[in-house]
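Below is one structure, written out as structure tokens; comments come after it.
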2 protein chains.
Amino acid sequence: MGSDMTTSKGRVTIREVAERAGVSVATVSRVLSGNYPVPPATRTRVLRAARDLDYVANAHARALVGGGRKMVAVVLRQVTSPFYAQVAEGVEAEAAARGWLCLVGTTGGDPGRELEFVQLMREEGARLVILVGGVVEDDAYRERVARYAQALDASGARLVLCGRPAPDPGIPALVVEFDNEAGARAITGHLLSAGHRRIVFLGGLPGNTALDARVAGYRAALAEHGLPTDAAHVIDCGLGRAAGHRAMSELLKNTREFTAVFAGDDMVAAGALRAIADAGLRVPHDISVVGYNDIPLAEDFNPPLTTVRTPAEELGRAAVRIALRDPDHTAGTHHLLGTHIVVRDSVQPPPTDGGPTPV
Amino acid sequence: MGSDMTTSKGRVTIREVAERAGVSVATVSRVLSGNYPVPPATRTRVLRAARDLDYVANAHARALVGGGRKMVAVVLRQVTSPFYAQVAEGVEAEAAARGWLCLVGTTGGDPGRELEFVQLMREEGARLVILVGGVVEDDAYRERVARYAQALDASGARLVLCGRPAPDPGIPALVVEFDNEAGARAITGHLLSAGHRRIVFLGGLPGNTALDARVAGYRAALAEHGLPTDAAHVIDCGLGRAAGHRAMSELLKNTREFTAVFAGDDMVAAGALRAIADAGLRVPHDISVVGYNDIPLAEDFNPPLTTVRTPAEELGRAAVRIALRDPDHTAGTHHLLGTHIVVRDSVQPPPTDGGPTPV
DNA sequence: ATGAAAGCGCTAACAA
DNA sequence: TTGTTAGCGCTTTCAT
């Protein structure tokens with residue numbers, strides 16, 4: 001590395017490159033931007049100087065004057081959730097393919113941090129902000145999101161809501177999500193077709209739009225099969241493996257008035273499976289279990305889990321694709337992505353004796 | 001929202017806030033920065049104006065003149081790998097706790113994209129760049145990393161290598177990793193203690209430093225137990241569930257001269273378990289299996305997987321903690337994090353008849 | 001207590 | 001073909 005003493009304090013600037021190449025900063029800028037005719041001779045000199053000095057342009061200065069780098073920000077609860085991670089990967093992939101930079105922020109489910117992060121993204125000049133995951137939709141939420149949307153829109157950025165509803169169709173935000181109700185109805189139907197009549201929904205999260213929709217689908221399927229309304233049995237234990245485990249253990253301790261479990265998502269299913277095994281029962285022999293999302297390892301559960309496949313990566317891709325395609329912020333546009341059942345080994349007809357039996 | 005017509009083109013600037021508050025931009029800056037005495041009266045006026053206009057400072061302009069936001073960048077293969085995701089979460093958490101912004105970039109394993117991303121982070125002015133995950137350590141790698149380190153260092157930034165070696169102790173980079181060899185030796189010892197003598201290592205990746213270290217630990221344990229060198233049987237199928245599944249199927253088709261499998265990581269183990277089950281054999285009755293990393297769902301495999309716990313989130317936290325603590329770029333500093341075995345149900349003594357038997 | 005003005009590193013007119 | 005110059009939005013002396 002041909003190192004001068006020019007590099008004494010911090011980063012190399014365009015001026016130093018210019019000096020070394022014996023040209024003006026304008027020329028260097030032109031060469032580096034590549035959108036302006038420059039004779040090969042000087043071009044080479046400049047390039048050499050830049051390489052020798054290991055120069056990289058200051059993105060902030062660039063952003064200040066010109067467009068700046070296109071940047072998309074994804075905000076999610078946590079990256080360690082397989083489902084969210086896949087969505088993030090989808091966004092990242094689609095963004096990278098277009099030469100956009102992708103920033104991932106996590107909130108741990110705290111609306112305060114979400115707000116903070118969106119603010120931050122406004123400061124950084126993100127052109128596209130994607131909020132991922134279901135939320136409880138109360139007045140505070142509606143107001144908050146309306147503010148995001150307005151503010152982002154005012155500075156020419158776009159807001160996409162992934163798997164959460166728009167607070168109001170008039171707001172400048174795109175919505176992309178799965179048809180949770182349809183998916184839930186389908187998999188409940190699958191259980192019903194196998195002969196189950198007493199199915200508990202494990203993992204309700206009242207107020208959470210995604211879960212509420214699944215519960216709605218579950219109830220709808222029950223109704224379609226002519227079951228009375230009180231056949232529905234929803235346990236609002238929330239999401240996560242631990243919650244599923246705890247709730248299932250509790251449930252098995254009290255009553256066994258059910259032959260199948262519809263878990264709110266695959267992590268809940270994992271916890272439930274473990275709890276069932278701990279109780280000395282077998283899946284699907286004694287109890288059938290289904291999940292939601294088809295995370296990559298659902299196939300490796302014991303037994304392999306029958307679940308609803310929600311193409312998470314595609315959700316992420318779709319979010320950026322749609323946002324970038326659609327030229328005017330077609331307010332209130334709502335995109336629903338389809339899902340389908342993946343049948344594996346966690347469902348079979350209920351035990352004939354009418355209830356689960358100890359092994 | 002008290003909206004003026006000031007907001008016509010793009011973002012609200014500090015000047016508009018100044019006008020609305022009837023003060024100079026300097027005063028606004030002082031109020032917003034909060035590091036300068038300002039009389040409460042004007043302070044309130046400015047704050048009100050800023051809120052009315054929904055003003056957010058331009059981070060790029062700020063970065064240009066002063067410190068700019070502290071930013072740490074994590075580079076990894078993919079976020080959908082549970083292990084990497086946890087490392088990223090650790091980095092994110094530790095960074096957020098200090099008010100730093102965290103950027104996640106993925107490379108898909110392509111050194112070219114890694115280089116590109118590091119370059120990008122230099123442009124954006126990241127103060128800390130963390131490269132995560134093992135790599136093949138060839139001359140190209142060494143040269144590339146040396147360049148990163150030098151360049152980053154020249155602009156006052158820091159480089160941390162997580163789970164990959166420093167190309168040369170003189171380079172200004174920190175290394176934080178697990179003691180792969182010790183972990184592998186321990187779990188191999190666990191298998192040997194159970195009575196296994198013919199153990200295959202599934203998931204070698206020659207050149208990959210992390211895997212090579214595990215293979216070394218495996219060999220060391222074998223040697224310690226007085227087994228001949230040729231007792232080692234390493235299958236270089238690489239990582240990932242698919243690879244593990246394929247390689248294991250192949251292996252079962254040909255020979256069964258082994259009673260236990262040491263999978264290079266838990267995803268490989270997942271694939272192997274599936275392949276073994278597909279072949280009509282049972283774990284651990286016919287074959288014992290162990291993994292590496294203890295990903296969150298390892299407990300839900302069939303059977304629950306005995307594996308080596310590598311506290312991934314702690315690795316991420318440690319990376320930023322150490323990098324931020326240590327004031328001079330203590331070149332070549334090497335930090336080793338400990339691991340331990342998590343015993344579950346995938347290991348038992350080998351079948352007494354001397355080999356696996358069909359069910 | 002507050003304003004005016006000088007840049008931060010870069011790009012894009014405008015000159016030469 | 002290349003150089004000069006005026007900002008981009010902000011912070012920070014230096015005056016007032």
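Letters go in sequence order (proteins before strands), and every chain restarts at 1.
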>> According to salt bridge (Lys or Arg N to Asp or Glu O under 4.0 Å), who are the partners of B/Glu177, at least two apart in sequence or on a separate chain?
In response: none
>> With the threshold set at under 4.0 Å for non-hydrogen atoms, list the residues of residues 35-43 of chain A touching DNA chain D in residue-number order.
In response: A/Tyr36, A/Pro39, A/Thr42
>> Using C1' atoms of five pairs at each end, report the bend of the helix from C/dA1-D/dT16 to C/dA16-D/dT1 rounded to 10 degrees.
In response: 40°
> Hey, are the side chains of B/Val175 and B/His335 touching, using non-hydrogen atoms and a 4.5 Å cut-off?
Replying inline: no
>> Whether the B/Gln78 and B/Thr106 side chains hold a donor-acceptor pair (N or O, under 3.5 Å, no angle test) is what I'd like checked.
In response: no
> Picking from C/dG3, D/dC10, D/dG3, which would you name as closest to the side chain of B/Ser24?
Replying inline: C/dG3
> Within the side chain of B/Ser33, is there an N or O that forms a donor-acceptor pair under 3.5 Å with the backbone of B/Asn35?
Replying inline: no
> Does a side-chain N-to-carboxylate-O contact under 4.0 Å join B/Glu92 and A/Arg113?
Replying inline: yes
> Does one side chain, of A/Glu114 or A/Thr107, offer a donor that lies under 3.5 Å from an acceptor on the other?
Replying inline: no
> Base, sugar-phosphate alone, or nothing: which one does A/Ala57 contact when heavy atoms must sit under 4.0 Å apart?
Replying inline: sugar-phosphate
> Heavy atoms, side chains only, cut-off 4.5 Å: are B/Val31 and B/Val28 in contact?
Replying inline: no
> With a 4.0 Å cut-off on heavy atoms, is A/Thr27 in touch with a base, just the backbone sugar-phosphate, or nothing at all?
Replying inline: sugar-phosphate
